[in-house]
Amino acid sequence: MSSHTHKEAVPYNAPAGRPALRIAFASGKGGTGKTTVATNLALVAAAAGEEVTYLDCDVEVPDGHLFIKPEMMSRREVTAGIPRLDMALCDVCGKCGEFCRYSAITVIGKKVLTFPGLCHHCGGCMLVCPVGAISEKAQPIGSVEEGAGRGVRFVQGLLKVGALAAPPVISAVKEAAADGLVILDAPPGTSCPVIETLRDSDFVVLVTEPTPFGLNDLAIAVEMLRMMSLPFCVLVNRARPGATQVADYCADKSIDIIAEIPDDRRIAESYSRGEMIIETVNGVRVIFEGLFERLCDVAGAARRGTRGRHIEGAP
Amino acid sequence: MKVVVTSTGPDLDSRMDSRLGRAEKYVFVDTNTLETIASDNPAGFASAGAGVQSAKFIVEQGAEAVLTGNCGPNAFSALAAGGVEVYVGSCLTVRDMVEAFLGGKLRRVSGASVESHFGMRGNS
Ligand code: SF4
Ligand code: SF4
């Protein structure tokens, strides 16, 4: 049973100069409709007069652009450090290879090999080399593109094919955050890139499906968020009457279900055509308007509770 | 000659494993005597770089050739650095692989046969 009692919604209006309200959309697994929810919410918020920045942090497969259809105006490359060896200095002591847990630098026989594609850019090998034979070289690992579409400022990160380390690209995307409402589309799962995305957000919406698999991944994501001490709620996508596992779980764990989007063939079809479901399927816009109001309420309150004094009372 | 076959089990009659970095076991075979020594893959559960780690292990065990199904570019470079040749083919058992190798029926790889991270598929 979910608590659907609507408290008096107090829309969050960001006065000019006020730091952004950052709301992240995450899910324990892929394919839950996280991007659909995030993009439709972005449009509803923009229509309500909010200054919206959409940050697509799902840098391995960013797909928010398929819906917002932004016109890109700028692009910059993101680089990260990989080791560069000076074999004239190296005495093949093997310390770098012992240190690197990704085998991105490996000593085989009398050779030191580097595998830039495996490197996670921690810089450790450079520190452990006793003779200073390793220096840092900038390797392009991705890019950040910025543009606008449908009244929404749109920023997306793109990890280069074959690059492993998404976090530096995600953090470059997040640097583009501005005032107003910032919507972050997180990668699915609970790995480092997800944590990098969610870190320092004010509120997280976990999008899930009412299936046993959905519930299993939701529970893992909930653990992660509790460990990160982030305020969050759950949104059930493709909700079906009778499928109450997620609702029961949330009731048991005192987690608020902020909205349910019904399982509707028209939504799935419209989505697969890259359309905004608030515009194409009757009754969906009002769900998102309600979601937006409640989110402003709970996310704004969560922020005022955690860091509010800081923001409100700052001289 | 000492070769190593990627395997799902410990002896000549075990089914071969077509993956290199994520193979379950390595069966080292003396091609003259058909004596075997089996070993677990020390990198089987590594989150990344399994191919390189297993290649390093194979080099250190003194194998001269690897008989496997697929070899990614990183593992291949690491094996090449250690002077280990790579042969690929798909046979049922470890014994079949060794026989195919001796009969010249396996393909010698001169570059990677699949892209990186092949063995993670369906495994992750
Ligand atoms: S730690 Fe430095 S000296 Fe030792 S093997 Fe690595 S690069 Fe060479
Ligand atoms: S920077 Fe870190 S991950 Fe990259 S090779 Fe060096 S130790 Fe390994």
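Heavy-atom basis, side chains included; hydrogens, waters and symmetry copies ignored. Chain identifiers are assigned alphabetically (A, B, ...) following the order of the sequence lines, protein sequences preceding nucleic acid strands; residue numbering begins at 1 within each chain.
No more than 12 heavy atoms of other residues, nucleotides or ligands lie within 6.0 Å of OH in A/Y271, so this atom counts as exposed by the packing criterion. The environment of A/K95 atom NZ is sparse: at most 12 non-hydrogen atoms of other residues, nucleotides or ligands sit within 6.0 angstrom. Remark: B/R15 CZ is loosely packed, at most 12 non-hydrogen atoms of other residues, nucleotides or ligands lying under 6.0 Å away. Atom CD of A/E223 has 12 or fewer neighbouring heavy atoms from other residues, nucleotides or ligands inside a 6.0 Å radius.
Here the closest heavy-atom approach between residue A/L113 and residue B/S77 is recorded as CD1-O, 3.9 Å. The shortest non-hydrogen separation linking A/S103 to B/G49 is OG-O, 3.6 Å.
Legend: residues meeting side chain to side chain contact (heavy atoms under 4.5 Å, CB included) with A/T35, ordered by chain and number and at least two apart, are A/T39, A/Y54, A/D63, A/F67, A/D185. Under the side chain to side chain donor-acceptor pair (under 3.5 Å) criterion, B/D40 pairs with B/K25, sequence neighbours left out. Under the side chain to side chain contact (heavy atoms under 4.5 Å, CB included) criterion, A/M227 pairs with no residue, sequence neighbours left out.
For residues 52-61 of chain B, a heavy-atom distance under 4.5 Å to chain A picks out B/V52, B/Q53, B/K56, B/V59, given by residue number.
Note that CG of B/N74 is 9.0 Å distant from OG1 of A/T106, once rounded to the nearest 0.5 Å.
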